[in-house]
2 protein chains.
Amino acid sequence: MSVQTTASKTAASNGAARTTTPHGEAWGALARTHAAVSQRLQEALAQGDFPPLPWYEMLAAIADSPDQRMRMGELAEAMVITRGGLTKLVDRLVKAGLLERTFCETDRRVSYATLLPAGQHLLAEMRPVIVGELEVAFSANLSVRQAEELRETLDGVRGSACGGG
Amino acid sequence: MSVQTTASKTAASNGAARTTTPHGEAWGALARTHAAVSQRLQEALAQGDFPPLPWYEMLAAIADSPDQRMRMGELAEAMVITRGGLTKLVDRLVKAGLLERTFCETDRRVSYATLLPAGQHLLAEMRPVIVGELEVAFSANLSVRQAEELRETLDGVRGSACGGG
DNA sequence: CAGAAGAGATTGTAGATACAACTATTGTCA
DNA sequence: TGACAATAGTTGTATCTACAATCTCTTCTG
């Protein structure tokens, strides 16, 4: 246990970034919900002596890609962190024996983060923990249909936020 | 300009934390949307030479409270950061002349973060920037009614995530 | 085919956050 | 009342991340 022992109780009271407009409140709810769920996931991982959430996200992203490998730039984009930050994150997973760096023959600038068996095994252990926590958090309130609608709504918002309007 | 030049283009392709379940995808969309909107807000603030987003969130939280002041613990909970982190964040805003620390007569353990006029003025300048960006991101896709529904849905999820299921 | 412009990734450094240990104050109970 | 537990904040330390500068390699252009 540990991982942000601070909140996770009555957070429904006061709101950060409240702007009094409906859209502002939606954003506030989005931010707090993200934080709450994220904390829950990290607590669950810490309880099982697993690595932190970003490690899981990286392993999952690579595992879901067709060749079990991803270019650094793609990974940075998928995980929404800077390229510099990604380089160092990959460094840690490589040092832990979960990934290895491979290189591109045709374009020698690009390097891949490639999943190793140890990474696959660890991911297989972590996935049920994450999925279980998400089920608790989401399925108590949302049907499968509603979850899909939520995803579509959020994807739409993200589209506007990225594109620029 | 700057603030995370990495992503913000085709993030719709591959997904971090994808678990293949509907709820997992909803969580993935939630995480990426939060990151995208958050980035957009930070870019907008940076462009206007404003302080970073957590400063705005803190000023807004305190300004929305009845006495223009909040206990450290409450603030930490509202902003979903640790108490230790909050102490240092408040330190910075105090040093910037936006807040001051005040103390409780009846319980000398508690200290308040109290809004100063400079903080109010800065908040008044930042609010329209934030609100404007949120309108672009949200109102393009969501009616007021839909925004409220989204807020309710997310609050429900947060309730499950906090309480424990 | 040379040189400039652009793309992909890494490194250095500063700033911010979490975690754990600590101090100070208040509450409880024998 | 006196000891022990609980609560509110702060501080020390390590880790993580963003940002900017840099390096290598590729592509474009004359």
Side-chain angles (χ1 to χ4, degrees), chain A residues 1-9 35 38-39 41-43 45-47 49 51-58 69-96 99 101-114, chain B residues 1-10 35 38-39 41-43 45-47 51-58 69-96 99 101-114:
Chain A
M1 247 283 290
S2 60
V3 181
Q4 270 276 63
T5 326
T6 292
S8 54
K9 268 187 296 187
S38 186
Q39 266 180 32
L41 295 179
Q42 298 204 54
E43 276 178 34
L45 290 177
Q47 273 188 341
D49 277 318
L53 190 55
W55 289 38
Y56 169 78
E57 289 175 352
M58 169 165 290
R69 69 176 190 190
M70 282 180 87
R71 295 167 50 146
M72 299 298 283
E74 284 178 314
L75 252 183
E77 196 173 309
M79 300 192 56
V80 198
I81 62 176
T82 57
R83 285 179 150 81
L86 184 82
T87 293
K88 292 166 184 173
L89 182 53
V90 168
D91 283 345
R92 280 170 245 144
L93 295 232
V94 167
K95 188 183 292 184
L99 300 179
R101 279 177 208 276
T102 55
F103 300 93
C104 181
E105 296 295 328
T106 60
D107 186 342
R108 284 159 60 187
R109 290 173 300 183
V110 321
S111 65
Y112 297 99
T114 304
Chain B
M1 248 286 289
S2 60
V3 182
Q4 271 275 65
T5 327
T6 291
S8 54
K9 267 187 295 187
T10 49
S38 187
Q39 266 180 33
L41 295 180
Q42 298 204 55
E43 277 178 34
L45 290 177
Q47 273 188 340
L53 189 56
W55 290 38
Y56 169 78
E57 290 175 351
M58 168 165 291
R69 70 177 188 189
M70 280 180 87
R71 295 167 51 145
M72 299 299 282
E74 284 178 314
L75 253 182
E77 195 172 311
M79 300 191 59
V80 199
I81 62 177
T82 58
R83 287 179 149 81
L86 184 83
T87 292
K88 292 166 185 174
L89 181 53
V90 168
D91 282 346
R92 280 170 247 144
L93 296 233
V94 168
K95 188 184 291 184
L99 299 179
R101 280 179 208 276
T102 55
F103 300 93
C104 181
E105 298 294 328
T106 60
D107 186 342
R108 285 158 61 185
R109 290 173 300 183
V110 323
S111 65
Y112 297 99
T114 304

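Within every chain, numbering begins at 1; the chains are lettered A, B, ... in the order of the sequence lines, protein sequences first and strands thereafter. Nothing here was measured: the structure is a model prediction, and the numbers come from that model.
The side chain of R101(B) lies closest to dT10(D), out of dT26(D), dT10(D), dT17(D). In this structure, of dA18(C), dC25(D), dC16(D), it is dC16(D) that holds the atom nearest to the side chain of R92(A). The side chain of P54(B) sits closest to dT17(C) out of dT17(C), dA9(C), dT17(D).
Among residues at least two apart or in separate chains, salt bridge (Lys or Arg N to Asp or Glu O under 4.0 Å) pairs with a member in residues 84-96 of chain A are D91(A)-R101(A).
Rounded to an integer number of Å, the gap from E43(A) CD to dC19(C) C1' is 13 Å. Between M58(B) atom CE and dA16(C) atom P the separation is 12 Å, expressed in whole Å. One can place CG of D91(A) at 15 Å from P of dT15(D), the figure rounded to the nearest angstrom. In this structure, CD1 of I81(B) is placed 16 Å from C1' of dC16(D), rounded to the nearest angstrom. The CD-C1' distance, from E74(B) to dG9(D), rounds to 14 Å in whole Å. The distance between atom CZ of F103(A) and atom P of dT10(C), rounded to the nearest whole Å, is 7 Å. Atom-to-atom, CD of Q39(A) to C1' of dT17(C) comes out at 12 Å; the value is rounded to the nearest Å. Rounded to whole Å, the distance from CG on D107(B) to P on dA6(D) is 17 Å.
Residues that satisfy the salt bridge (charged side-chain N to carboxylate O under 4.0 Å, His left out) test with R109(A), not counting sequence neighbours, are D107(A). Not counting sequence neighbours, S111(A) has no partner by the side-chain hydrogen bond (donor to acceptor under 3.5 Å, both in side chains) test. For R71(B), the side-chain contact (heavy atoms from CB on, under 4.5 Å) partners at least two apart in sequence or on another chain are E74(B), V110(B), Y112(B).
Shown here for R83(A) and G73(A), the closest heavy-atom pair between the two residues is NH2-CA, 3.8 Å. The two residues T87(A) and M72(A) come nearest to each other via the heavy atoms CA-CE, 3.9 Å.
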Please list, for nucleotides 2-5 of chain D, all pairs of protein and nucleotide N/O atoms separated by less than 3.5 Å.
none

Measure all distances between protein nitrogen or oxygen atoms and nitrogen or oxygen atoms of nucleotides 5-7 of chain C, and list the pairs falling under 3.5 Å.
unit_1 : atom_1 : unit_2  : atom_2 : d
dG6(C) : N2     : R109(A) : NH1    : 2.9
dA7(C) : O4'    : R109(A) : NH1    : 3.4
dA7(C) : N3     : R109(A) : NH1    : 3.2

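One distance of note links CG of L41(B) with CD of E57(B); it measures 8.5 Å at 0.5 Å rounding. Distance CE/M70(B) to CG/L86(B): 9.5 Å, rounded to 0.5 Å.
Residue-level contact check: T87(B) touches the bases, meaning some heavy atom is under 4.0 Å from a base atom.
The base of dG9(D) does not come close enough to the side chain of K88(B) for any donor and acceptor atom to sit less than 3.5 Å apart.
Side-chain contact between P52(A) and L45(A) is absent, with no heavy-atom pair separated by less than 4.5 Å. Contact annotation: the side chain of R69(A) never approaches that of L99(A) to less than 4.5 Å [non-hydrogen atoms, C-beta and beyond]. Taking the side chain as every heavy atom from C-beta outward, L89(B) and M79(B) approach each other to under 4.5 Å.
Mapping R108(A) and W55(A) onto DNA chain D by nearest heavy atom places W55(A) closer to the 5' end of the strand. Nucleotides of DNA chain C nearest to E105(B) and L86(A) differ in position, and the one nearer the 5' end is that of L86(A).
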Review point. Pairing of DNA chain C as dot-bracket, 5' to 3': ( ) intra-strand, [ ] crossing, | other strand, . unpaired, with Watson-Crick or G-U pairs under 3.5 Å?
Key: ||||||||||||||||||||||||||||||
